[in-house]
Amino acid sequence: MILRMQLRRSLGQFRTHPLRTSLALLGMVLGVGSVVGMMSIGEGAQQEIVANIEALGGNVIHIKAKPIADERIAELVNDSRGLSREDLRALRSTFPGLGRAAWARISSLGVTDLPSTAYNAQIVAASAGLFDLHRLKVKAGRPLIELDDRYGRRVVVLGADLAKNAFGDDDAQIVGRRIRLGYAYFEVVGVLAHKASVRDLPLDPGLYNQAVIVPFDAAIEEIAPVDAYKEIDVLSVEVESLEQTLAAKLAVGPVIRARHKGVEDFELVAPEEILQQKRATQAILNLVLISIAAISLLVGGIGVMNIMLANIMERISEIGLRRAIGASRADIRDQFLVESVIICFAGGAIGVVLGYAGSFAVGVAFDLQVAFAWEATLIAFGLSVITGLTFGLWPALRASAINPVEALLHG
Amino acid sequence: MTPGGAALELDGVTRTYRRGAVDVPVLHGIDLRIAAGERVAIMGRSGSGKSTLLNILGVLDQPTSGSYRLGGATVFCPPGGGPQLDDRALSLLRRTSIGFVFQSFHLLSSMTVVENVGLPMEYAHVAPEAQRLRAVELLEMVGLGHRLDHRPNELSGGERQRVAIARALANRPQVLLADEPTGALDEKAQQVILELFSVVHQRFGTTMIIVTHDEKVARALGDRVLRMSDGRFAS
Ligand SMILES: Nc1ncnc2c1ncn2[C@@H]1O[C@H](COP(=O)(O)OP(=O)(O)OP(=O)(O)O)[C@@H](O)[C@H]1O
Ligand SMILES: [Mg+2]
């Protein structure tokens, strides 16, 4: 009942002194709101990063060929022949337990009968495993399979944007078409589902939207013969889990480097490492935001202390009466502490609501992913209680020290 | 109970206020024995120290020297005369043994009548249902059973004082202290309050100490009338 009465009394403050109370609460609302809003945006960013990394297979490490200037190739070629399937063989003999692997060679579109709307297409000569490892899904027809390679089938899968630009929206119409690439005809057997582009990943999954995916050997024979240097552009190897990609990178790096005689013509991409970098950036950002929040809470706390003092001055005779009917100093102290905690908690609750509202609005306006962050919400409520206790303590102690006889003479 | 059945016992109680660097003695060695169930009226000129004495009797203020025993318990004793009670113990004593009635009622305007009467029980940790039952019972006794959920500012002065008396009785105190309980009331309301005090005394046998300026009130309520002047009882 004390608590219920306290609650009503504290809410009564809003009614009797709306301006004073809202000003005091503003700091709390801003402080808590910024904690929650920022953490919700941060959490969203985190989830987006994970989703992006999943888009290229989270538990896969990628070995990417690094471009080498043409004039240097002649000098390097004695030491390294660039990235090739030989590298995979070397890895398999060093690590017999190595998981599934896939590779691709990427080149530009040459001779073709595709309409000119599709000229920015890229030929991706791929092993069938690429569909699994790079999380490529078809929305019509079928993906490439092992047998396409084994029987030298002349088949392709088209990227979503490319298919649309070249042939329109009707995927059923596209599957079964024959297109000319180089001097051979290929049958379209599937169309890829659209993949969101993530430009700051070392491998942009959006690349596949403009791709013509061709079985590796058929592509080498008909469209993109292998040069003296660099057989493939990317080699992807599956490991157990996302967390293991970093360790795998550290293990794989030396093997490849040794084969390439120290020529830095490749780079290793481990999703876990990207994740850690992004998290580190996020952590710095969070620190800045938390400092802002702390300052807001400090201002809010001082505001609350202020209204508590004003509040106590107005209620001196009430304090005297309560002492007379048996309240101890500790009872009076606790009463005002509870009150300031309730006020801060109310401010915190408004802050949580506004913080989420704000972050979701920002999310919509700037196309950012935001998320509900449980931790942030709990921290925010915890902080409001702590602020209430900290800044309520001094006024509460003052109230408890008031001489009851003098207090009773007030009003 | 102390031998002789005294409910309250003051011995050589003085109270000195400090005003800046000057000591202002207000009570000069008060000796007083009041028996359980006795009704005492205290009269005296303004400034003679009546309220100061009442606050000490109510354990709201502490004597500068002297001793005070309440219902057999030592509330204050001269230095070296035993352990001094701390704030918690003094508050507990006020809560359980003492009921205050003031000239200006001191009802909390943010609470309803029944909540005001329940407040002392709140501090005594009485369960909410029991609180309400007792508060309603007391309010019916003072004739306000039909105004339970009103606010104090919706009541007349006399009605407010009846609420205050109900509140003072909430924790069944042995001692009721009233500082000019009728000072702010007109004739008619005063009459009602006086009758109420008599009813309370008959029903509960409460020891009553009433400070008043009014001879009629003193005669109506006091088994004994004490007159104070300059911090002493005139004999
Ligand atoms: N806190 C204080 N500081 C200094 N002097 C005080 C204080 N409280 C009371 N006094 C003085 O003590 C004296 C007695 O005051 P008290 O209130 O007990 O008188 P009273 O008999 O109740 O008078 P009244 O009939 O006007 O209520 C007065 O002279 C008053 O000025
Ligand atoms: Mg007085």
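Below, chains carry the letters A, B, ... as their sequence lines are ordered, and counting in each starts from 1. Computed from heavy atoms alone, side chains included, the values below leave out hydrogens, waters and symmetry copies. Just so it is clear, the structure is predicted and the values come from calculations on it, not from any experiment.
- For the pair B:Arg95 (side chain) and A:Ala327 (backbone), a donor-acceptor distance under 3.5 Å is absent.
- A salt bridge links A:Arg323 to B:Asp87: at least one charged side-chain nitrogen sits closer than 4.0 Å to a carboxylate oxygen.
- Contact detail for A:Ser328 and B:Ser91: the closest heavy-atom pair is CA-OG, 3.1 Å.
- Once rounded to the nearest 0.5 Å, the distance linking CG of A:Leu408 with CZ of B:Phe100 reads 7.5 Å.
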field: side-chain contact (heavy atoms from CB on, under 4.5 Å) evaluation trace for B:Glu122 with A:Ile325
entry: CA-CA 10 Å; B:Glu122 194 70 56; A:Ile325 61 172; over 6 Å; no
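- Atoms CG and CZ, from A:Leu409 and B:Phe102 in turn, are 10.0 Å apart once rounded to the nearest 0.5 Å.
- Note on A:Ala330, A:Ala324, A:Pro404: by heavy-atom pairs under 4.5 Å with chain B, the leading option is A:Ala324.
- Residue with the most contacts toward chain A among B:Asn171, B:Thr96, B:Leu92, B:Asn55: B:Asn55 (heavy-atom pairs, distance under 4.5 Å).
- Within 6.0 Å of the CZ atom in B:Arg172, the count of heavy atoms belonging to other residues, nucleotides or ligands does not exceed 12.
- The existence of a salt bridge linking B:Asp86 and A:Arg329 is excluded, since no basic side-chain nitrogen approaches an acidic carboxylate oxygen closer than 4.0 Å.
- Side-chain atoms of B:His106 do not come within 3.5 Å of backbone N or O of A:Glu318 as any donor-acceptor pair.
- Here CZ of A:Arg322 is found 5.5 Å from CG of B:Leu108. Values are rounded to the nearest 0.5 Å.
- Under a cut-off of 6.0 angstrom, the local environment of CG in B:Asp149 is crowded, with over 12 non-hydrogen atoms contributed by other residues, nucleotides or ligands.
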